[in-house]
Number of protein chains: 2
Amino acid sequence: MMRRLDTPALYIFTADETVFHRIREMGALADGRWNAQRLVRPIELDNLPVGSLVMVDIAHPQRPEWSDSRWRTWAGHLSIIALSSQPQDDEGIAAMDVGAAGYCHAYANEATLRQVVEVVSSGELWVGRSLLTRLLKGVNHNVNENAGQGTAARIATSPTQAWRALLTERELEVATMAAQGASNLGIAEVLGITERTVKAHLTSIFDKLDVADRLQLALKVHGVK
Amino acid sequence: MMRRLDTPALYIFTADETVFHRIREMGALADGRWNAQRLVRPIELDNLPVGSLVMVDIAHPQRPEWSDSRWRTWAGHLSIIALSSQPQDDEGIAAMDVGAAGYCHAYANEATLRQVVEVVSSGELWVGRSLLTRLLKGVNHNVNENAGQGTAARIATSPTQAWRALLTERELEVATMAAQGASNLGIAEVLGITERTVKAHLTSIFDKLDVADRLQLALKVHGVK
DNA sequence: CGGCGCATCGTACCCAGGTACAGGTAGGGT
DNA sequence: ACCCTACCTGTACCTGGGTACGATGCGCCG
């Protein structure tokens, strides 16, 4: 009713239908109420009301290069959230560096996306755990960059690795191979066991990690979902 | 996905009555519902349930030095939010460096505090605008330590998005959805077309990207392979 | 000792995903 | 006119992946 007046407009600059619809649907839901509007051309960014919240899909073919001066112009009067379908620290830094107020996965889950929107619209900045962790490390020049693992007490176990703790040694082998795209038979041959056993392990893995199939498993293993 | 939403306990380690009561009151309110419990001695941090959310007032007289090993121990199984009544970038860095998941003003307003709690409890990290801005600046001045080579304009270009150019607009939509784990029928419904058509698109996609199935597609899309 | 987790394997069954072989329309370029 | 591409759809078929309902042996622990 009256409530609609304070529904904030959320502009989404993307060439990807899916991205737009996904985010718009979220905004249409009960609680997270924002009103998503799509932008398809860069020019449209120029005349938005001051203070507008704009998501910019950096996979858009017409997205300006980072060196483009338009970025800073926009950032001057807009709150920009950069969306990436393959977030990388370097890319995030580049985006934030030209004035973006947020940088996150274009297909982040609803809770995360809502959080990003809230944080940014409240005037704060947002970057994901990975990037922030790296930024913090960067300052401390002398942090041992042991790629190999084994040290128990790292900075709070990465959430994307949490699933590992749930699996047995054998299951871990099977899970990683399956997540790499290996077939059941292929895994069986490598491990020297029957395909049936591989299936058994996978069933257990799916159950423990609460996923439906090997694709969902792969997404979880690789930190996509 | 059965996620438990029961009463999130929020432990607050502080010697300051005001800080505790302020935050507890916020938690008692309608929406932000957390159950604040006070801790007064450092020892009490040791036996908290794994994953607990703990705010640590760094003005507490018995607060361990940053060099104290207890910090990392706690950070290993707790989510720690460091509270400062006079936030400073250096202090924030120190706190995050010993494993804190958040750093904010002890007297931050309700909205902010709630946001910090939500962000941290969802597994992300939180630092304020000031600190984050500084971290981002810091990176630009001395970019080196990282990938081992090219300090040059390694930034902007995302590595493997070449495949996008090979696909038509429609195929791109289907590909991204499939790579996110969507089923053929699900994709069909979203796009308003037949499952058969989705299959047709996928066949074309597989052919163009030289992959065998949707799992391989997902790996390619997400830059795994 | 009995129970439990873990790893291994068998047979039978269902079905989403993918292929093969067919088309159809619309638009743009030569 | 003709061809090519993008996009759409239908029927039929096969197979790998996943499940259901079992089984065996082993090591650990109260």
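In the text below, chain A, chain B and the rest are named by the order of the sequence lines, each starting its count at 1.
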Check whether any side-chain nitrogen or oxygen of [X] sits under 4.0 Å from OP1 or OP2 of [N], and answer yes or no.
X	N	value
A/Thr203	D/dT19	yes
A/Arg214	D/dG18	yes
A/Thr197	C/dA7	no
B/Asn184	C/dA16	no

For [X] and [N], give me the distance from atom [atom1] to atom [atom2], rounded to whole Å.
X	N	atom1	atom2	value
B/Ile193	D/dG10	CD1	P	11 Å
B/Leu191	D/dC7	CG	P	11 Å
B/Asp207	C/dA20	CG	P	10 Å
A/Arg196	D/dA23	CZ	P	13 Å
A/Gln216	D/dG18	CD	P	11 Å
B/Ile205	C/dG17	CD1	C1'	14 Å
A/Leu202	D/dT19	CG	P	9 Å
B/Asp213	D/dC14	CG	C1'	15 Å

For B/Ser183, report the nucleic acid contact type (base, sugar-phosphate, nothing); a contact means any heavy atom under 4.0 Å. sugar-phosphate

Taking the side chain of B/His201 as its heavy atoms from C-beta onward, which of C/dT19, C/dA7, D/dC8 lies nearest to it?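 Shortest atom-to-atom distance from the side chain points to D/dC8.
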
Among D/dC21, D/dT9, D/dG18, which nucleotide has an atom closest to any side-chain atom of A/Lys199? D/dG18

OH-CG distance between B/Tyr11 and B/Leu45, expressed to the nearest 0.5 angstrom: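 Reported to 0.5 Å precision, the distance equals 11.0 Å.
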
Return yes if some donor-acceptor pair links the side-chain N/O of A/Gln216 with the main-chain N/O of B/Gly181 below 3.5 Å, else return no. yes

So does A/Thr14 get a backbone contact from the side chain of A/Arg38, meaning a donor-acceptor N/O pair under 3.5 Å? yes

Does A/Lys208 or A/Glu195 map to a spot on DNA chain C nearer the 5' end, using the closest nucleotide for each?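 Nearest-nucleotide comparison on DNA chain C picks A/Lys208.
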
In terms of the angle between their ring planes, are A/His105 and B/His222 parallel, tilted or perpendicular, with boundaries placed at 30° and 60°?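 Because their plane-to-plane angle lies in the 30° to 60° range, the rings of A/His105 and B/His222 count as tilted.
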
Thinking salt bridges, do A/Arg134 and A/Asp90 make one under a 4.0 Å N-O criterion?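 Looking at A/Arg134 and A/Asp90, the cut-off is met.
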
Tell me, do A/Trp74 and A/Val54 make a side-chain contact under 4.5 Å, heavy atoms counted?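 Of all side-chain heavy-atom pairs linking A/Val54 with A/Trp74, none is under 4.5 Å.
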
Heavy atom of residues 168-179 of chain B under 4.0 Å from DNA chain D: which residues?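 By residue number: B/Thr168, B/Arg170.
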
Any pair counted as salt bridge (Lys or Arg N to Asp or Glu O under 4.0 Å), so long as it reaches residues 191-213 of chain B, sequence neighbours left out: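 For residues 191-213 of chain B: B/Glu171-B/Lys208.
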
